[in-house]
S.K.: 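I'd like to ask you about the structure that follows.
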Amino acid sequence: MKTNLILLGVFLALVAVVVVNRSGDDATAPTTAPRLFKDLNKEGIDLIEISGGWQGTTWEMALRGSEWMLRNAGGFPLKAAEVQTFIDAVYNLRRENELGTTPDLRKSTHTDEENGRLVRLSSRGNVVAAFRVGRSVKGSYEAVYIRPETEETVFHTRTILSRDRDRPIEADDGGMFGSGVRGFDWHNYVNTLSTKWVDTEIWNLRGAEVQELWLSRGEELDAKLVKHGEDKWDLVEEGKDPVPGDADAASSILSPVRSLSLRDVVGEYDRVKEEYGLDNPEVTLLMTLRKKVDKPAEPGEGGEGEESKEPEYVTLNRVLEVGKKIVRKRYDSYDDKFSEDEFYAVHIGPAGGFDDPGEASRAKYVFLVDSYGVGALKSKTLDDLKAKAAEAAPEEGSGDGDAPPPGDEDACGCGDGCACGDGCGCGDGCACGDGCACGDGCGCGDGCGCGDGCGCGDGTACGAGTACGDGAGCGCGG
């Protein structure tokens with residue numbers, strides 16, 4: 001017992017030493033060290049330029065009236081709050097933790113001309129702050145290397161915003177000895193446009209039901225998937241009779257397209273379409289959708305005993321064009337190594353007829369998206385779009401359907417309104433009374449338990465590696 005008390009006392013003493021040291025070093029340094037750019041006025045900044053370094057990208061963020069926009073990309077809107085946060089971070093850069101001035105130090109910290117990201121802030125045409133941002137300290141994005149453009153001195157800094165200057169700083173141990181404020185995340189602000197600066201949503205397809213998918217890929221593929229029932233599709237080629245289409249293929253196209261998000265804005269479509277291969281796209285996807293129209297109830301409607309009106313829908317068209325593949329270098333500060341990321345240039349349309357003003361404005365630009373977002377569009381073949389033999393329902397009277405075993409005609413729950421010949425394999429253990437309409441396209445033999453709550457008709461392919469109980473959350477049949 002006495003030994004345990006001694007050990008506990010030693011541990012608490014060590015904790016106290018660490019807390020005092022951190023309080024004496026980090027917490028007071030930002031408030032006592034002079035600012036790096038002492039003449040900078042936060043209110044007067046009207047241009048931010050970020051360029052150079054291993055990324056090779058250039059952003060010109062300009063104030064036009066009361067709005068901040070990406071000047072080099074045709075005026076794409078920026079988040080004003082993030083711009084102000086960034087300006088405040090520059091304002092609070094301090095002459096703290098000077099490391100040295102040697103060329104080797106600048107190279108190892110990525111504050112040299114080759115790898116350092118150059119940041120310039122201007123007011124009425126005059127540069128009021130200019131510096132290079134180096135790599136983050138391994139395992140921490142809050143502590144980075146900074147070097148003023150006109151100096152050789154490298155600073156190891158943890159930038160604290162004005163709003164947080166009176167709060168204690170969190171320790172580098174991940175908060176084990178405190179829960180103070182963390183430093184400014186320079187890494188995500190200067191390296192990737194989509195992390196902080198812009199709204200990354202390309203379009204809003206929530207609530208829209210896709211009726212047709214027309215996929216064109218030069219001479220390789222030109223075919224249309226047409227929906228004619230819950231999770232039932234026909235494959236249509238010009239001059240040929242329709243054949244059953246593959247619902248899983250439709251889902252694998254729709255799922256990533258619905259959630260496409262931009263990683264970079266490279267310019268206005270009319271100006272850069274040739275540079276990024278969009279004057280003659282490698283892939284074109286035309287989608288015909290319908291969306292329910294929400295209308296306010298008229299006086300006297302919706303009373304007790306009155307029949308509700310059929311919902312009204314509007315038909316929409318959306319086009320996704322895919323251009324060149326773009327490869328960019330990426331640096332992982334944690335592992336201290338470079339790798340490459342692959343993106344594709346895309347454009348959405350048409351420019352007119354959008355019900356969402358945000359989508360209409362985005363049709364003016366060319367974006368880069370992650371390669372996996374359009375991978376299915378570039379890889380699908382005609383055979384992929386055709387329904388597999390097991391999915392195609394047998395013709396009526398063919399005798400090839402899954403009939404219940406003799407003496408067990410109701411094993412499939414046929415009395416619950418499910419026709420056993422609708423494609424539900426009665427021997428597969430699918431009870432039609434579990435809430436799954438077998439004709440809705442839910443293949444019971446695909447590993448999908450119809451009572452598991454997996455939305456077979458909502459774009460979730462039960463046979464494509466999706467666990468039905470993983471929270472997809474819709475009933476089979478949509």
S.K.: Has Lys324 got its NZ or CZ under 6.0 Å from the middle of the six-membered ring of Tyr276, at an angle within 45 degrees of the ring axis?
M.R.: no
S.K.: What pairs with Asp222 under side-chain hydrogen bond (donor to acceptor under 3.5 Å, both in side chains), at least two apart in sequence or on another chain?
M.R.: Trp214
S.K.: Residues in side-chain hydrogen bond (donor to acceptor under 3.5 Å, both in side chains) with Glu60, at least two apart?
M.R.: Arg71
S.K.: Hey, is the main chain of Arg158 close enough, under 3.5 Å, to the side chain of Trp186 for a donor-acceptor pair?
M.R.: no
S.K.: Who pairs with Tyr189 by side-chain hydrogen bond (donor to acceptor under 3.5 Å, both in side chains), at least two apart in sequence or on another chain?
M.R.: Glu82
S.K.: State, without any angle test, whether Lys380 and Ser252 hold a side-chain donor-acceptor pair at a distance under 3.5 Å.
M.R.: yes
S.K.: How far apart are the closest heavy atoms of Leu105 and Thr101, and which atoms are they?
M.R.: CD2-N, 4.1 Å
S.K.: State, to 0.1 Å, how close Ser194 and Arg263 come at their nearest heavy-atom pair, and which atoms those are.
M.R.: OG-NE, 3.4 Å
S.K.: Can you label the angle between the Phe367 ring and the Tyr365 ring as parallel, tilted or perpendicular, going by 30° and 60°?
M.R.: tilted
S.K.: Is there a donor-acceptor contact under 3.5 Å from the side chain of Arg318 to the main chain of Trp203?
M.R.: no
S.K.: Please list, chain by chain and in numerical order, all residues satisfying ring-ring contact (aromatic ring centres under 6.0 Å, His included) with Phe37, sequence neighbours excluded.
M.R.: Phe131
S.K.: Judged by atom type as modelled, is there a donor-acceptor pair below 3.5 Å linking the side chain of Thr85 to the main-chain atoms of Ala81?
M.R.: yes
S.K.: For Ser251, does its backbone N or O pair with a side-chain atom of Ser255 as donor and acceptor, under 3.5 Å?
M.R.: no
S.K.: For Asp164, which residues count as a salt bridge (charged side-chain N to carboxylate O under 4.0 Å, His left out) partner, sequence neighbours excluded?
M.R.: Arg167
S.K.: Between Ala250 and Trp233, what is the shortest heavy-atom contact and its length?
M.R.: CB-CE2, 3.6 Å
S.K.: So does Ala387 get a backbone contact from the side chain of Asp246, meaning a donor-acceptor N/O pair under 3.5 Å?
M.R.: no
S.K.: Strictly by salt bridge (Lys or Arg N to Asp or Glu O under 4.0 Å), give each pair with a member in residues 103-112 just once, sequence neighbours left out.
M.R.: none
S.K.: So, for Glu96 and Ala33, which heavy atoms are closest and what is the spacing to 0.1 Å?
M.R.: CB-CB, 4.2 Å
S.K.: Determine whether a donor-acceptor pair (N or O, by modelled atom type, separation under 3.5 Å) exists between the side chain of Asn41 and the backbone of Glu43.
M.R.: yes
S.K.: Is a side-chain donor or acceptor of Ser123 paired with a backbone partner of Asn126 at a separation under 3.5 angstrom?
M.R.: no
S.K.: Filter on salt bridge (Lys or Arg N to Asp or Glu O under 4.0 Å), then keep only pairs touching residues 32-42, sequence neighbours left out; what's left?
M.R.: Lys42-Asp88
S.K.: Could you check whether atom NZ of Lys364 has more than 12 heavy atoms from other residues, nucleotides or ligands sitting under 6.0 Å from it?
M.R.: no
S.K.: Heavy atoms only: give me the nearest Trp68-Leu47 pair and the separation to one decimal.
M.R.: CH2-N, 3.9 Å
S.K.: Looking only at heavy atoms, which two atoms of Val366 and Ala345 are closest? And how far apart?
M.R.: CG1-CB, 4.1 Å
S.K.: So which pairs with a foot in residues 339-350 pass side-chain hydrogen bond (donor to acceptor under 3.5 Å, both in side chains), sequence neighbours left out?
M.R.: Glu321-His347, Arg330-Ser339, Arg330-Asp341
S.K.: Going through the checks in order, is the salt bridge (charged side-chain N to carboxylate O under 4.0 Å, His left out) test met by Glu113 and Arg147?
M.R.: CA-CA 11 Å; Glu113 283 71 16; Arg147 180 176 68 86; 3.3 Å; yes
S.K.: Under the salt bridge (charged side-chain N to carboxylate O under 4.0 Å, His left out) rule, collect the residues that match up with Glu98, sequence neighbours excluded.
M.R.: none
S.K.: Excluding sequence neighbours, so at least two apart, what forms side-chain hydrogen bond (donor to acceptor under 3.5 Å, both in side chains) with Arg328?
M.R.: Asp264
S.K.: Please enumerate all residues that pass salt bridge (charged side-chain N to carboxylate O under 4.0 Å, His left out) together with Arg95, with sequence neighbours excluded.
M.R.: Glu151
S.K.: Residues two or more places apart in sequence or in another chain: which of them pass salt bridge (charged side-chain N to carboxylate O under 4.0 Å, His left out) with Glu149?
M.R.: Arg120
S.K.: Determine whether a donor-acceptor pair (N or O, by modelled atom type, separation under 3.5 Å) exists between the side chain of Asp46 and the backbone of Arg124.
M.R.: yes
S.K.: Any chance the side chains of Arg117 and Thr57 put a donor and an acceptor closer than 3.5 Å?
M.R.: yes
S.K.: Looking only at side chains, do Thr157 and Asn97 share a donor and an acceptor under 3.5 Å apart?
M.R.: no
